[in-house]
There are 2 protein chains.
Amino acid sequence: MIEDDDRIRMSLGLALEDEGYTVRAVATAEEGMASQRQEPADTVLVDLMLPGIDGFECIRQLRRDGDVPIIVVSARDDTHDVVAALEAGADDYVIKPVAVKELSARLRALRRRARPVAVAPQIMVFNGLEIRPQAGEVLLHGNQLSLTRTEFRLLCELAEHAGLVLSRQQLLERVWEYDYGDERLVDVHIGRLRQKIEDNSATPQRLLTVRGLGYKLQR
Amino acid sequence: MIEDDDRIRMSLGLALEDEGYTVRAVATAEEGMASQRQEPADTVLVDLMLPGIDGFECIRQLRRDGDVPIIVVSARDDTHDVVAALEAGADDYVIKPVAVKELSARLRALRRRARPVAVAPQIMVFNGLEIRPQAGEVLLHGNQLSLTRTEFRLLCELAEHAGLVLSRQQLLERVWEYDYGDERLVDVHIGRLRQKIEDNSATPQRLLTVRGLGYKLQR
DNA sequence: CGATGTCATGACAGTTGTGTGACAAACCCG
DNA sequence: CGGGTTTGTCACACAACTGTCATGACATCG
């Protein structure tokens, strides 16, 4: 939910949570778009009158980034606004003050229609190494490898940030979901992963150690 | 358009034609449903207060027959009606008198979302395994198999996402419609399904286990 | 050129994940 | 009702995986 009025944001958020929704609420379009990029929501509720980037522009940008369902929740009841918002890419438009039951019903109706998502990076390729997160497959020079779950998740994590160094701590958090723990554990699994994805040359070609910092997957 | 008031039907019909739509207008739910069965429209506009079968029932029946987008155009502005109509299967609800520009924009917004007509995969074939979801038939090397309902649904679910890993949780939700439950249940049914669709070789050829992630049907 | 910190790797024991057969409850269909 | 079928639960066996540790190699620096 992108809504700059604190009172409305709070009360509407709580009301929707009562209806069984999980709500993430922010006050500006900038925050909303960042949040959506970070961790996409199923549906976006957006006000039109926002400080900074306004609702219309926000809708256009959200629409450009993906096809998340968007409902405008606005106090403006002018037909021009409705038309403009829908043209910008919104899916529905309700006028404040809004009955939560109605909003909830419209959310359900919209989600019935929404495409069964289609997020997910399809395939990533790095110098002979092909990763298909969806299919749970990794191919090296076209041959399918059999990775363990941990190896697979570790590789995906590195691949998603290919070229960037990830610290052992970051990897522990993201792959193992440990907040603390022995960082050497990462080393062991990197080693095992290397045996499978490197071509037996003396020095690693793909999965590089950055001494003192962590590991990275070569682009 | 299903609308019993002659004046509104005429004027709204003409106005929409001005907007570029082709309109077929009838006065009763019975006519509307017959017309829709005869020659399906892209979108249905329906009033709630109709003689004979009322709007709610009309929506339910239209929805049962297919997933044509439905917009309610009603003079009733009570939240209960809105919720009831959306729950019955409507996609949007606008209140009379309606601005044609707004209705037109909502029509466009809805049609953006509408599924690109019946996907309905007729027949799927995977390495000697032929699945006909419509007919409820599965053939292995041309011989019809007798699957139980659960096995069939499980297979269809996997087939619809062939090549992609589905977690036990996803399968539980989609095949059993359990939100939680013992994931081992999936294993058992996968085992039973395998006995029927695999060619008795030691390792599965079609229905693969992806350790730690779930199962997938080999493309 | 040692001293020190960092990293790679093989071995191993405990844990986890998966396949399967047995069984009872639920269901279906005359 | 009553038979067969289907379904869900359970327990066990086995293989695969994980995390820990010890050892040694290697880089860096004073």
Side-chain angles (χ1 to χ4, degrees), chain A residues 136 138 144-158 165-217, chain B residues 136 138 144-158 165-217:
Chain A
V138 178
Q144 184 160 349
L145 302 178
S146 87
L147 300 188
T148 72
R149 195 171 77 111
T150 308
E151 288 159 2
F152 183 70
R153 292 179 56 179
L154 180 56
L155 179 57
C156 287
E157 192 58 40
L158 287 160
V165 180
L166 296 178
S167 71
R168 291 174 173 71
Q169 189 56 46
Q170 287 175 313
L171 291 170
L172 269 182
E173 283 171 17
R174 299 185 195 172
V175 176
W176 282 266
E177 284 156 27
Y178 288 175
D179 286 343
Y180 61 99
D182 187 0
E183 301 193 341
R184 317 310 344 285
L185 175 56
V186 178
D187 297 25
V188 175
H189 284 274
I190 289 284
R192 288 171 182 160
L193 188 49
R194 274 183 177 144
Q195 290 185 353
K196 297 184 181 178
I197 69 170
E198 295 287 356
D199 313 301
N200 283 344
S201 72
T203 63
Q205 300 299 304
R206 295 179 243 270
L207 213 174
L208 311 184
T209 302
V210 182
R211 203 181 164 80
L213 295 178
Y215 298 96
K216 73 171 175 182
L217 192 68
Chain B
V138 178
Q144 182 157 350
L145 301 178
S146 86
L147 300 188
T148 71
R149 203 173 68 102
T150 309
E151 287 159 1
F152 182 70
R153 292 180 57 180
L154 180 55
L155 180 56
C156 286
E157 192 58 41
L158 287 159
V165 179
L166 297 178
S167 70
R168 291 175 173 72
Q169 188 57 48
Q170 288 174 314
L171 291 169
L172 267 183
E173 282 171 18
R174 299 184 195 173
V175 176
W176 283 266
E177 283 157 29
Y178 289 175
D179 285 343
Y180 60 99
D182 187 0
E183 301 192 340
R184 305 307 318 283
L185 174 57
V186 177
D187 297 26
V188 175
H189 283 273
I190 289 283
R192 288 170 182 161
L193 188 50
R194 274 184 177 143
Q195 290 186 352
K196 298 185 180 176
I197 68 170
E198 294 287 355
D199 312 304
N200 283 344
S201 72
T203 63
Q205 300 300 303
R206 295 179 244 271
L207 213 174
L208 310 184
T209 302
V210 183
R211 199 168 217 276
L213 296 177
Y215 298 96
K216 72 173 172 183
L217 193 68

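Hydrogens, waters and symmetry mates are skipped; everything else that's a heavy atom, side chains included, is used. Order of the sequence lines sets the chain letters (A, B, ...), proteins ahead of strands, with each chain counted from 1.
- When the side chain to side chain contact (heavy atoms under 4.5 Å, CB included) test is applied to A:E198, the partners found at least two apart in sequence or on another chain are A:R194, A:P204, A:Q205, A:R206, A:L207.
- Residues satisfying the salt bridge (charged side-chain N to carboxylate O under 4.0 Å, His left out) test with A:R192, not counting sequence neighbours, are none.
- Protein chain A contacts DNA chain D from D:dC17 to D:dT28, reading 5' to 3' and using non-hydrogen atoms of the protein with a distance under 4.0 Å.
- Listed by chain and residue number, nothing satisfies the side chain to side chain donor-acceptor pair (under 3.5 Å) test with B:Q195 (two or more places apart in sequence, or in another chain).
- A distance of 8.5 Å separates CG in A:L208 from OG1 in A:T203, rounded to the nearest 0.5 Å.
- An end-to-end axis angle of 40° holds for the helix from C:dC1-D:dG30 to C:dG30-D:dC1, taken from five base pairs per end and rounded to 10°.
- A:R168 is linked by a side chain to side chain contact (heavy atoms under 4.5 Å, CB included) to A:E183, A:V186, A:D187, A:Y215, counting only residues two or more places apart in sequence or in another chain.
- The salt bridge (charged side-chain N to carboxylate O under 4.0 Å, His left out) check on A:K216 picks up nothing, with sequence neighbours excluded.
- Judged as a side chain to side chain contact (heavy atoms under 4.5 Å, CB included), and not counting sequence neighbours, B:R211 has no contacts.
- Every residue was checked against the side chain to side chain contact (heavy atoms under 4.5 Å, CB included) condition with A:S146, not counting sequence neighbours, and none meets it.
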Check your understanding: If the sugar-phosphate is the primed atoms plus P, OP1 and OP2 and the base is the rest, what is the B/S/- string for nucleotides 18-30 of chain C, using protein heavy atoms under 4.0 Å?
Key -> BBBSB--------
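- Nearest-nucleotide positions on DNA chain D place B:W176 closer to the 5' end than the other of B:W176 and A:W176.
- Scored by the salt bridge (charged side-chain N to carboxylate O under 4.0 Å, His left out) test, A:E157 finds A:R174 as partners (sequence neighbours excluded).
- Residues forming a salt bridge (charged side-chain N to carboxylate O under 4.0 Å, His left out) with A:D182 (at least two apart in sequence, or on another chain): none.
- Residues B:E151 and A:R149 each lie close to DNA chain D; by heavy-atom proximity, the contact nearer the 5' end of the strand is made by B:E151.
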